[in-house]
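So that the names make sense, note that chain A is the first sequence line, chain B the second, and so on, each numbered from 1.
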Protein chains: 2
Amino acid sequence: MSPYDPSAFPPFAVTVDLVVLTVRRHALCALAVRRGEPPFQGRWALPGGFVREDEDLAAAAARELLEETGLCVHDPAAAAFASENGAHIEQLASYGDPKRDPRMRVVSVAHLALAPDLPAPRAGGDANSARWAPVETFLEQGAEQTGPLAFDHAQILADGVERARSKIEYSSLATAFCPPEFTVGELRRVYEAVWGVALDPRNFHRKVTGTPGFLVPTGGTTTRQGGRPAQLFRAGGATLLNPPMLRPEV
Amino acid sequence: MSPYDPSAFPPFAVTVDLVVLTVRRHALCALAVRRGEPPFQGRWALPGGFVREDEDLAAAAARELLEETGLCVHDPAAAAFASENGAHIEQLASYGDPKRDPRMRVVSVAHLALAPDLPAPRAGGDANSARWAPVETFLEQGAEQTGPLAFDHAQILADGVERARSKIEYSSLATAFCPPEFTVGELRRVYEAVWGVALDPRNFHRKVTGTPGFLVPTGGTTTRQGGRPAQLFRAGGATLLNPPMLRPEV
DNA sequence: CCAAAAGTGTTTTAATTACACCCATGC
DNA sequence: GCATGGGTGTAATTAAAACACTTTTGG
């Protein structure tokens with residue numbers, strides 16, 4: 001590193017972009033916002049914005065998440081997450097291709113947020129400017145309905161989806177897609193939606209209830225899914241699952 | 001995002017820092033360089049430097065790696081990696097605390113590089129300015145001998161070590177610590193050094209040779225470890241190991 | 001009663017562990 | 001010969017997959 005000299009390094013803008021995922025109607029969905037100005041005006045993009053002068057990267061991501069969705073960030077340090085509208089958030093990766101933004105040199109630090117299905121679709125903006133859609137809508141050739149995402153956001157989204165898919169295997173992250181209290185069946189449907197596979201309900205039940213620290217029974221039951229009443233659980237303290245959940249091949 | 005206005009966002013410097021790991025004398029070692037100027041003058045730090053005007057993040061990391069170690073980056077796309085001094089490199093995470101550099105606002109995109117034990121300790125600098133040392137030397141309280149690393153580099157190093165330890169479980173990344181041709185025993189000693197455990201040589205042998213695509217026999221043998229001649233292997237094309245290597249618990 | 005989802009038990013199958021044992025070299 | 005690491009065989013343990021079956025609700 002050369003001595004301090006402001007002219008010795010090029011200036012960058014630093015942004016955070018958010019891959020916000022949820023499970024709705026048995027599909028893994030991502031949040032997109034419509035761009036109101038150039039470049040890519042009118043196209044769908046991931047929510048995001050500039051990091052402020054005295055703001056940490058994580059703080060910037062949490063602020064953008066709150067502004068765009070009203071979701072608070074679950075602090076793993078905070079004992080119990082009382083907030084109903086809480087989300088998990090973690091850093092994903094950084095994207096800094098010199099040409100990724102035609103205006104100037106921008107490095108974006110992408111973050112991944114996982115949230116339960118929101119009762120209200122969105123706050124703070126009109127329905128035309130923000131939407132949830134299945135991730136396939138923005139990836140693959142499915143972009144016919146929406147057009148491709150702005151900038152390199154399709155790549156960022158793909159990386160975020162891949163991270164979510166692999167991380168629920170060996171961590172308790174799938175519970176971040178569930179409301180504070182949930183049933184084993186609801187948790188199973190999360191895995192099925194994220195992985196796009198069918199899982200055996202019997203074996204799944206045994207596996208998750210038998211993994212120490214994964215699920216904590218609340219004592220309550222619910223019949224909101226129909227059928228026999230199901231026990232309600234909260235997420236336990238365990239963050240690493242051993243043995244992991246096994247993702248069936250193809 | 002607000003309309004384009006250069007005064008609307010604060011300027012950042014963007015750097016890359018490298019966690020370069022290798023296995024030497026049965027220990028996981030990291031590369032550190034001595035800082036020649038303030039801040040933290042004289043302290044050990046991770047190698048790194050500013051990202052240039054028209055340079056991708058990955059290109060900046062590869063350039064720094066080459067400058068500091070003479071190592072080239074193995075391109076996974078390139079069919080066979082012929083280069084003797086090749087390393088694996090991947091993005092690790094970004095660090096952007098507003099106070100992490102006392103001079104100015106700097107966001108560092110850390111990268112993780114894994115390299116085989118180098119015949120020559122280092123090129124291009126004197127022995128006092130760059131060194132390999134076991135990672136514990138820089139972490140924990142072991143920093144007595146070297147003093148703590150500059151900036152937040154102890155955290156970055158810890159994150160890189162953790163990434164390496166977990167990633168060799170389910171990927172073929174451990175071969176990046178080996179020379180182009182290596183024996184099963186040498187690969188096992190890599191796992192033992194990185195995890196700090198002892199593995200059963202018989203079961204390890206069966207496991208790695210039985211995992212399709214992990215190892216490709218070259219036909220040659222060597223007795224460089226003493227004892228019965230051992231078959232030589234190259235890394236196979238498989239990047240994901242299924243089933244994974246199991247890291248014994250404590 | 002019937003449909004639907006929850007939950008338990010059992011059998012089959014595969015993978016991991018632990019360890020006995022043999023092989024091929026250098027000294 | 002004998003120490004040293006390389007490599008194979010095998011039995012015991014453990015976990016996963018497949019699936020028959022019972023339970024408890026709503027309509």
Side-chain angles (χ1 to χ4, degrees), chain A residues 25-26 168-170 178-179 181-193 195 197-233 238 240-250, chain B residues 25-26 168-170 178 181-193 195 197-234 238 240-250:
Chain A
R25 286 183 256 109
H26 216 270
I168 64 174
E169 282 193 67
Y170 57 89
C178 295
E181 297 200 351
F182 54 88
T183 70
V184 171
E186 289 164 349
L187 182 63
R188 174 171 49 82
R189 280 180 280 276
V190 163
Y191 275 92
E192 291 179 330
W195 285 343
V197 298
L199 299 175
D200 184 297
R202 289 86 49 109
N203 291 335
F204 183 87
H205 187 280
R206 209 193 334 268
K207 174 102 185 191
V208 296
T209 56
T211 299
F214 192 4
L215 299 183
V216 178
T218 66
T221 61
T222 181
T223 60
R224 61 188 174 222
Q225 299 293 338
R228 170 177 167 179
Q231 274 187 275
L232 285 169
F233 294 86
L240 248 55
L241 301 185
N242 196 299
M245 298 294 305
L246 287 186
R247 181 174 175 180
E249 343 208 340
V250 184
Chain B
R25 286 184 255 106
H26 217 269
I168 64 173
E169 281 193 69
Y170 56 89
C178 296
E181 297 200 351
F182 54 89
T183 69
V184 172
E186 290 164 348
L187 181 63
R188 175 171 49 81
R189 281 180 279 276
V190 163
Y191 275 92
E192 291 178 329
W195 284 343
V197 298
L199 299 174
D200 185 298
R202 288 88 47 115
N203 292 334
F204 183 88
H205 187 281
R206 209 192 335 266
K207 174 101 183 191
V208 296
T209 55
T211 300
F214 193 4
L215 299 183
V216 178
T218 65
T221 61
T222 181
T223 59
R224 63 188 172 218
Q225 299 292 340
R228 170 177 167 179
Q231 274 188 276
L232 285 169
F233 295 87
R234 284 186 301 102
L240 249 54
L241 302 185
N242 196 298
M245 298 295 304
L246 287 187
R247 180 175 176 179
E249 347 207 336
V250 184

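- Closest to the side chain of A:R188, from the set D:dA16, C:dA6, C:dT17, is C:dA6.
- When the P atom of D:dT8 is taken as reference, atom CZ of B:F204 falls 14 Å away, rounded to whole Å.
- For A:L199 and D:dA16, the CG to P distance is 13 Å, given to the nearest whole Å.
- With hydrogens and angles disregarded, no donor-acceptor distance shorter than 3.5 Å links the side chain of B:K207 to the backbone of B:L246.
- Comparing atom distances between the A:N203 side chain and each of D:dA17, D:dA20, D:dG5 picks out D:dA17 as nearest.
- In terms of phosphate contacts, A:H205 brings no side-chain nitrogen or oxygen within less than 4.0 Å of OP1 or OP2 of C:dA6.
- Taking the side chain as every heavy atom from C-beta outward, B:T183 and B:R188 never approach each other to under 4.5 Å.
- Protein atom NZ of B:K207 is 18 Å distant from nucleotide atom C1' of D:dT8, rounded to whole Å.
- In summary, the aromatic rings of B:F182 and B:F233 are positioned with their centroids too far apart to meet the 6.0 Å limit.
- A donor-acceptor contact under 3.5 Å links the side chain of B:R206 to the base of D:dG9.
- Checking C:dC19, C:dT25, C:dT8 against every side-chain atom of B:D200, the shortest atom distance belongs to C:dC19.
- For the pair B:L241/B:Y170, no side-chain contact is recorded, criterion being any heavy-atom separation below 4.5 Å from C-beta on.
- In this structure, A:Q225 places its CD atom 15 Å from C1' of C:dG7, rounding to the nearest Å.
- Rounded to whole angstrom, the span from the CG atom of A:L241 across to the C1' atom of D:dA15 amounts to 15 Å.
- Put simply, CG on B:N242 is 13 Å from P on D:dA16, counting in whole angstrom units.
- Side-chain proximity of B:V184 to D:dG7, D:dT24, C:dA24: nearest is D:dG7.
- One can place CG of B:L246 at 18 Å from P of C:dA14, the figure rounded to the nearest angstrom.
- With hydrogens and angles disregarded, a donor-acceptor distance shorter than 3.5 Å links the side chain of A:Y191 to the backbone of A:I168.
- Backbone-only contact: B:P243 has heavy atoms under 4.0 Å from sugar-phosphate atoms and none from a base.
- Side chain of B:R202, nearest nucleotide from C:dA6, D:dT25, C:dC21: C:dC21.
- Regarding B:E186, its CD atom lies at a distance of 11 Å from the P atom of D:dG7, rounded to whole Å.
- Across all strands, A:R224 comes closer than 4.0 Å to no nucleic acid atom at all (heavy-atom distances).
- Within 3.5 Å, a donor on the side chain of A:R228 pairs with an acceptor on the base of C:dA6, or the reverse.
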